[in-house]
Amino acid sequence: MPSDKIEIRVKRLNNGAGLPLPVYASAGAAGMDICAAEAITLKPGKRAAVPTGFAFAIPHGYEIQVRPRSGLALKHGITCLNTPGTIDCDYRGEVKVILANLGEEEVSFERGDRIAQLVVAAAPQAKISEVDALDDTARGAGGFGSTGV
Ligand SMILES: O=c1ccn([C@H]2C[C@H](O)[C@@H](COP(=O)(O)OP(=O)(O)OP(=O)(O)O)O2)c(=O)[nH]1
Ligand SMILES: [Mg+2]
């Protein structure tokens with residue numbers, strides 16, 4: 001594995017005492033698993049912002065995406081409602097996971113259960129330049145299935 005990794009500083013908050021740092025579960029994992037800092041029970045159709053006990057300082061030009069875990073989605077209907085959640089590089093508050101229960105059964109998590117995964121992604125800011133006309137392309141304004149199914 002190449003070791004040219006992005007360094008992200010992480011602050012453990014009081015409610016994060018004893019929790020594992022976000023960690024890649026395998027050598028090639030795209031996401032670091034993140035745990036619930038408190039127990040939560042979600043009835044069907046309900047959502048909650050679940051604390052993680054950690055705050056981050058992400059380098060400029062990057063973001064962290066908060067994504068669901070497929071096992072929880074498949075087995076229990078648990079997802080991140082706003083997936084992928086966006087953690088801005090200038091956010092210094094506690095990262096929370098907006099879990100939603102789309103299943104038919106009540107689902108409970110204990111403190112320390114892995115509830116989501118964090119994917120570090122490049123997120124360059126753009127400079128917006130307003131113009132009167134855009135250049136022509138073969139696609140033009142075609143979209144939303146214009147190329148067929
Ligand atoms: O799943 C998430 C999504 C966001 N955040 C935090 C970090 C992020 O930087 C901040 C703002 O998120 P976002 O921009 O998605 O929300 P907003 O509704 O636009 O709020 P704001 O006006 O604060 O930007 O909230 C989380 O902790 N978890
Ligand atoms: Mg925002």
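No hydrogens, no waters, no symmetry mates; every other heavy atom, side chains included, goes into these values. First listed ligand is number 1; within each ligand, the first listed atom is number 1.
For Tyr62, the OH atom counts as loosely surrounded, since its 6.0 Å shell holds 12 or fewer non-hydrogen atoms of other residues, nucleotides or ligands.
Ranking the protein heavy atoms by distance from atom 26 (C) of ligand 1 puts Ile87 CD1, 3.3 Å first. With hydrogens left out, the protein atom closest to atom 27 (O) of ligand 1 is Lys96 N, 3.0 Å, a heavy atom. The protein heavy atom nearest to atom 7 (C) of ligand 1 is Tyr91 CD2, 3.3 Å.
Interface atoms of ligand 1 facing Asn82, defined by a heavy-atom separation under 4.0 Å, are 1 (O), 2 (C), 3 (C). The distance from ligand 1 to the heavy atoms of Asp88 drops below 4.0 Å at these ligand atoms: 8 (C), 9 (O), 10 (C), 11 (C), 14 (O). Distances below 4.0 Å separate heavy atoms of Val95 from the following atoms of ligand 1: 27 (O).
Considering Val97, Ile98, Thr86 only, the shortest heavy-atom separation from atom 12 (O) of ligand 1 involves Thr86.
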Next item on the list: For Asn15 and Glu94, run side-chain hydrogen bond (donor to acceptor under 3.5 Å, both in side chains): C-alpha distance rounded to whole Å, both residues' side-chain angles, the deciding distance at 0.1 Å, then the answer.
Entry: CA-CA 10 Å; Asn15 60 340; Glu94 181 177 20; 2.8 Å; yes
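Checking atom 5 (N) of ligand 1 against the protein gives a heavy-atom contact under 4.0 Å. When distances from atom 24 (O) of ligand 1 to the protein are checked, no heavy atom turns up under 4.0 Å. Contact annotation for atom 1 (O) of ligand 1: protein present (non-hydrogen atoms, distance under 4.0 Å).
The pair Arg111-Glu38 fails the salt-bridge criterion, with no side-chain N (NZ, NE, NH1 or NH2) lying under 4.0 Å from an Asp/Glu carboxylate O.
Under a 4.5 Å side-chain heavy-atom criterion applied to ILVMFWY residues, the cluster that includes Ile98 comprises Leu81 as well.
Residue Phe109 forms a side chain to side chain contact (heavy atoms under 4.5 Å, CB included) with just one option from Val50, Val97, Ile40, Thr41, and that option is Ile40.
Under the 4.5 Å side-chain heavy-atom criterion for grouping Ile, Leu, Val, Met, Phe, Trp and Tyr, Val119 is not connected to Val23 through any hydrophobic cluster.
Judged by distance alone, the side chain of Thr52 and the main-chain N or O of Val95 form a donor-acceptor pair under 3.5 Å.
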